[in-house]
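Below: one structure, written as structure tokens.
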Amino acid sequence: METKEIERLARRIVEGDMLSVSRALTLVENDEKEGLKLISKLVQSTGNSFVVGITGPPGVGKSTLINRLIEEYRNLNVKVGVLAIDPSSPLTGGAFLGDRIRMVDHTSDKGVYIRSMASRGWQGGLSASAAKAVCVLDSAGIDVILIETAGAGQNDFEVSSVSNVVAVVLMPNSGDVIQLSKAGLLEVGDIFVVNKSDIEGTNYFVSSILSILGASSVKKPVFSVSSLSGKGIRELFNELEARRKKFLMQGRENVKIRNLAAVLKSVAKKRIMERFEAKVNSGKVEELARMAAEGKVSLEQALERLSS
Ligand SMILES: Nc1nc2c(ncn2[C@@H]2O[C@H](COP(=O)(O)OP(=O)(O)O)[C@@H](O)[C@H]2O)c(=O)[nH]1
Ligand SMILES: [Mg+2]
């Protein structure tokens with residue numbers, strides 16, 4: 001794409017043209033160089049979107065919850081963008097349909113933009129494009145961006161670098177709370193949502209989370225909701241809105257810097273991993289191991305060459 005064309009695309013995005021937003025998201029997913037060029041054109045128009053990471057094990061009801069939150073935001077005429085980051089399938093490289101299907105309620109609403117992104121890349125990490133996608137939606141005038149990431153582990157740690165608040169969604173009987181803690185899910189969350197409170201075991205589950213959170217639960221509230229019936233959603237939403245109000249009082253410049261830092265971090269990480277994988281695949285590791293075994297290089301030198 002020519003520079004002129006990228007500039008034109010950037011202008012349309014800032015005007016709020018959602019067709020151009022879709023084109024831009026495809027660009028940032030598929031073309032790193034051009035994607036970054038576009039982001040640098042957009043960056044002066046960013047800094048206003050409040051980003052909520054919604055994470056948790058598959059099946060706990062994240063997409064259903066997001067549908068409810070969209071409803072609440074739309075009642076206040078807040079523009080919402082959803083990025084559903086799905087575990088990449090090595091077969092299709094694509095996203096599961098389920099998320100789209102559960103979020104169709106809002107597809108005719110112009111104030112709602114929903115996009116699935118494949119997480120691709122190594123170890124199912126949060127899509128390296130997610131931080132860029134946030135910049136695109138931000139510059140298009142989206143007020144709130146909800147990022148759904150499935151699963152535990154690596155994903156969840158990365159979602160916090162692009163989110164202003166991370167909500168960890170769980171459900172009663174979704175396993176041992178101590179295991180959840182070990183998986184890092186309790187550390188990454190700013191807010192905890194126990195969904196499916198309409199099924200049995202909710203009270204016990206909530207109290208075991210509270211006891212594990214201990215003193216930190218003052219700052220890390222636990223909400224028990226049913227995304228099916230809508231019960232408890234309003235309380236959760238009020239908390240999110242209170243946090244957004246605080247966010248809007250911050251300097252915009254700092255938000256811009258934080259968003260760009262997330263872009264740089266994710267792209268750099270991807271590049272470093274790609275370089276490393278190329279070395280591994282080219283037999284470089286074995287070559288260095290042989291040299292080290294023959295005493296031609298020290299292990300320290302071998303590592304230096306492998307990681308530079
Ligand atoms: N009983 C009950 N089921 C729910 C609730 N929220 C979602 N579900 C169901 O749980 C299943 C998984 O929901 P989904 O939103 O796709 O979960 P995700 O994988 O975390 O996005 C679906 O069959 C939903 O209908 C709830 O509050 N109560
Ligand atoms: Mg989902």
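Both ligands and their constituent atoms are indexed starting at 1 by order of listing.
Counting the atoms of ligand 1 from 1 in the order shown, those under 4.0 Å from a heavy atom of S226 are 27 (O). Taking every non-hydrogen atom of K62 and a distance limit under 4.0 Å, the qualifying atoms of ligand 1 come out as 15 (O), 17 (O), 18 (P), 19 (O), 20 (O), 21 (O).
Remark: side-chain polar atoms of K220 are paired, donor with acceptor, to backbone N or O of E187 under 3.5 angstrom. Checking side-chain atoms of S45 against main-chain N and O of S139 turns up no donor-acceptor pair under 3.5 Å. Side-chain N or O atoms of S163 include none that pairs as donor or acceptor with a backbone N or O of V166 at under 3.5 Å.
Residue P58 has no N or O atom closer than 3.5 Å to an N or O atom of ligand 1. Remark: ligand 1 and S197 share no N or O pair separated by less than 3.5 Å (distance only, no angle test). Residue contacts with ligand 1: G61 is placed with a nitrogen or oxygen under 3.5 Å of a nitrogen or oxygen of the ligand (distance criterion only).
Proximity of E148 to ligand 1 is established by a heavy-atom distance of less than 4.0 Å.
Shortest distance from the Mg ion (ligand 2) to E148 is reached at OE2 (N/O/S atoms only).
Under 4.0 Å from ligand 1, heavy atoms of T64 appear from its side chain as well as its backbone. Contacts between L228 and ligand 1, counted as non-hydrogen atom pairs separated by less than 4.0 Å, involve both the backbone and the side chain.
With salt bridges taken as basic N to acidic carboxylate O contacts below 4.0 Å, none links R234 and E239. Salt bridge annotation for R271-E274: absent, with no cationic side-chain nitrogen under 4.0 angstrom from a carboxylate oxygen.
Residues satisfying the side chain to side chain contact (heavy atoms under 4.5 Å, CB included) test with K37, not counting sequence neighbours, are I6.
Applying the ring-ring contact (aromatic ring centres under 6.0 Å, His included) test to every pair with at least one member in residues 43-73, sequence neighbours left out, gives these pairs: F50-F247, Y73-F237.
At a cut-off of 2.8 Å, T64 is not counted among the residues with an N, O or S atom near the Mg ion (ligand 2).
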